[in-house]
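As structure tokens, the structure follows; a few thoughts come after it.
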Amino acid sequence: MSETGHAPVADRAGGAAGRRRIRELPDALVSQIAAGEVIDRPAAVVRELVDNALDAGATQVTVRLLAGGVRSIVVEDDGCGVPLEELPLALKRHATSKIASLADLESVMTMGFRGEALAAIASVAQVTISSRTADAAHAWRLDSGGEITPAARGVGTTVEVQELFFSTPARRKFLKTDATELSHGLEAVRRHALARPDVAFTVWHEGRLLAQWRAGAAAQRRAEVLGAEFTAASRVLTVQRGPLLIEGRVGQPEAARSRADQQYLFVNGRFVRDRLLAHAVRSAYEDQLHGSRQPAYALFLSIAPELVDVNVHPTKIEVRFRDGRAVHQALRSAVEDTLAPTRANEAPPAEAPALPAAPAAGPSLPPVSPAPWQRALGLAEPAPVWAAPHGAGGLPAWQALLQPAEEGSPAAAVAVAPPAGEAAAWPLGRAVAQIGGVYILAENAQGLVIVDMHAAHERIVYEKLKRSAAAGAAIPAQPLLVPVSFAATAAEIAVVESEQAALQELGLDMGLLGASTLVLRSAPALLPLADAADLAELARRVLADLAQAERAGSVVQRARDEVLGTLACHAAVRANRRLTLPEMDALLREMEATERADTCNHGRPTWRQLSMKELDGLFLRGR
């Protein structure tokens, strides 16, 4: 779906003029269709009826509810309507106008296709359908008993569902309060509204207008449905990867939520809860979320219908891709690339006067000879020795990024000052002080910037280590003076035997010691592990990841990133380490140039901005 919105479904399906007739499906096709529709609450009814309205080419859909939808659900649309001669088939199972052959089933573009929704609803509630086509003199009404009578309404269809589960009171006992059922019903319409900005939606409850979304551009609809807060704390994503188009918005890590209540995934306009897609998005946030925080996103995937199977779940909420691995990789990399730029470079235009340039306190530094303070901050580019083969050959290069600053080193070496007037262009500003040996205070055009220097430096070093590792360097291994043995399960032993290459790449030399015992002979050289228990726990964690993965490559990358994250944490500048102003400025400049620099690799924020307006408010200025 583009920012201008989808084309109406009616256009894709042939429109009112080219609509297909409702017919009973042949047994051969019925046998290929997944299990029947599941109607478990009013929201399921709302979802199915709105699906039908959209498939009919509606441009306006109105939903009216009583008692959260338990007493009454009415869905009205201005679609193409159902002809009189086809009305008797509307409530029969496997009677539909949307598919007629197995080929149709394998390339479904409509929201519904099984011909079971109305029949399933009619089995647990009283259903009445009123419909009129453009060439009919008036509408016709079909009741639950099959009687058809004349009715009055414009072109389109109205479906009334009364007393849900009246014939199955046991199922009605499982329903929640009216307020809870109403919230689920409203959410069902909200999902449709997100996917179809070209259609207007209105929701009424107990005669009161609850929500209304007018037809418009996709960007406008998303802002209206998701809210201004989400829009302000998210980034636009639009990526074309072969036959797959991915677009939408992804929330920034610092705007993550305690619940997964703002996660929307759509495939060809259909809302889905797909484990493959959800895992791809979650893994893109892997080292940017704190604790169990949940990202917020609304992503729309468009792909040729023959490359995705929507007929795998009774409620059609799950899908299966022909090449799930490729879709997973494309979605993950698209989200990662969107989140990579630091938020600092998105700062609003300066409203304050330009800051004076920082005075140069010393000579410029030659790029080929980084000073000790630059090495201490991890700012020196890695040497070619990074491409050394497996083993300890590359160890000095890894240590070069992690070595502490030399006592008495020329921290007197200074950051290069910008030409006059350019300091205002520094997004994170110019350092002015260090507080408590922990925070850097900087002044920029918007006001005050506060930086957690350890968290910021941890991210900088971590990203440098990842880039160098991705260039081909294996994690150096250190033989253990005393090999560590531990009891292992049959599954763990099987992983060790089949994934030796992956283990070696992580700096782990592991083998079989006995029928149910493994031995660890080497570990990552720079990883500070306290004792044998720590080493055994590290080995078990890596084996568990390898056992669960579809492909070892992604697990090796994730496990290696965990090791590198630990190294970066131990290498980053510590609290109470005194930095000079040039060193602080160098750290700020490196933050501006580092991907994902808004959080450390544990998901903690690295910096915060206080505007002049917020500072004035603290001191009641202007009041």
Side-chain angles (χ1 to χ4, degrees), residues 1-9 11-12 109 190-199 213 215-256 262-274 276-286 288-289 294-308 310 319 321-348 595-598:
M1 186 177 68
S2 67
E3 289 292 320
T4 56
H6 280 303
V9 172
D11 292 342
R12 300 196 299 266
M109 281 299 290
R190 180 182 287 111
R191 293 168 182 169
H192 281 100
L194 272 173
R196 293 297 304 275
D198 57 307
V199 177
W213 297 288
Q220 178 184 349
R221 172 64 61 82
R222 292 168 191 171
E224 291 173 349
V225 176
L226 298 172
E229 183 178 351
F230 171 84
T231 303
S234 62
R235 294 176 177 177
V236 174
L237 182 159
T238 303
V239 173
Q240 180 81 50
R241 299 284 170 87
L244 179 66
L245 171 65
I246 308 170
E247 54 182 338
R249 301 192 73 97
V250 289
Q252 296 180 2
E254 59 269 23
Q262 213 167 42
Q263 298 180 350
Y264 297 94
L265 283 168
F266 297 83
V267 176
N268 290 345
R270 184 191 308 278
F271 175 80
V272 298
R273 283 200 187 97
D274 185 81
L276 177 82
L277 300 180
H279 181 271
V281 178
R282 176 72 192 192
S283 62
Y285 284 87
E286 206 159 57
Q288 299 187 72
L289 295 180
Q294 295 290 331
Y297 52 82
L299 293 169
F300 304 81
L301 281 67
S302 299
I303 190 170
E306 61 270 17
L307 299 180
V308 59
V310 298
V319 295
F321 295 95
R322 179 172 295 181
D323 191 345
R325 181 181 301 176
V327 172
H328 182 282
Q329 292 175 341
L331 180 56
R332 174 175 178 169
S333 64
V335 176
E336 281 182 333
D337 292 346
T338 303
L339 295 175
T342 174
R343 185 166 45 88
N345 296 320
E346 299 176 354
E595 293 184 341
R596 291 168 280 275
D598 299 325

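In terms of heavy atoms, P253 sits closest to L339 at CD-CD2, 4.2 Å. Nearest heavy atom pair, residue E306 against residue R322, reads O-NH2, 3.0 Å. A298 and L226 make their closest contact through CB-CD1, 3.7 Å (heavy atoms, listed as atom of the first residue, atom of the second, distance). Smallest separation of non-hydrogen atoms from W213 and R190: CH2-CA, 4.1 Å. When all heavy atoms of L244 and A330 are compared, the pair lying nearest together is CD2-CB, 3.9 Å. Between V267 and I303, the shortest heavy-atom distance links the atoms CG1-CG2, 4.4 Å.
The CG atom of L301 sits 13.5 Å away from the CZ atom of R270 when rounded to the nearest 0.5 Å. Within the model, atoms CD1 of I246 and CG of L331 stand 5.0 Å from one another, a figure rounded to the nearest 0.5 Å. Taken from CZ in R596 to CZ in R343, the straight-line distance is 15.5 Å, to the nearest 0.5 Å. One finds the OG1 atom of T338 at 3.5 Å from the CG atom of L237 (value rounded to the nearest 0.5 Å). Atoms CZ and CG, on R221 and L194 in that order, are 8.0 Å from each other to the nearest 0.5 Å.
No donor-acceptor pair closer than 3.5 Å links the side chain of Q252 to the backbone N or O of R235. Side-chain atoms of R332 never come within 3.5 Å of backbone atoms of H279 as a donor-acceptor pair (strictly under, hydrogens ignored).
Using the six-membered ring where Trp is involved, F266 and F300 have ring planes that are parallel, under 30° apart on the 30 and 60° scheme.
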Next on the checklist: Determine whether Y285 and V250 satisfy the following criterion, side chain to side chain contact (heavy atoms under 4.5 Å, CB included), listing intermediate values before the conclusion.
Outcome noted: CA-CA 10 Å; Y285 284 87; V250 289; 3.6 Å; yes
Item to check | Candidate pair L299 and V335, rule side chain to side chain contact (heavy atoms under 4.5 Å, CB included), full reasoning | outcome: CA-CA 10 Å; L299 293 169; V335 176; 4.1 Å; yes
Checklist entry - Checking side chain to side chain contact (heavy atoms under 4.5 Å, CB included) for the pair Q294/R282: CA distance, chi angles, key distance, verdict? => result CA-CA 8 Å; Q294 295 290 331; R282 176 72 192 192; 3.6 Å; yes
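Listed by chain and number, the residues in a ring-ring contact (aromatic ring centres under 6.0 Å, His included) with F230 amount to none (sequence neighbours excluded).
Screening residues 225-234 for side-chain hydrogen bond (donor to acceptor under 3.5 Å, both in side chains), with sequence neighbours left out, gives S234-R249.
Classification of D323 and R241 as a salt-bridged pair fails, no side-chain N sitting under 4.0 Å from a carboxylate O.
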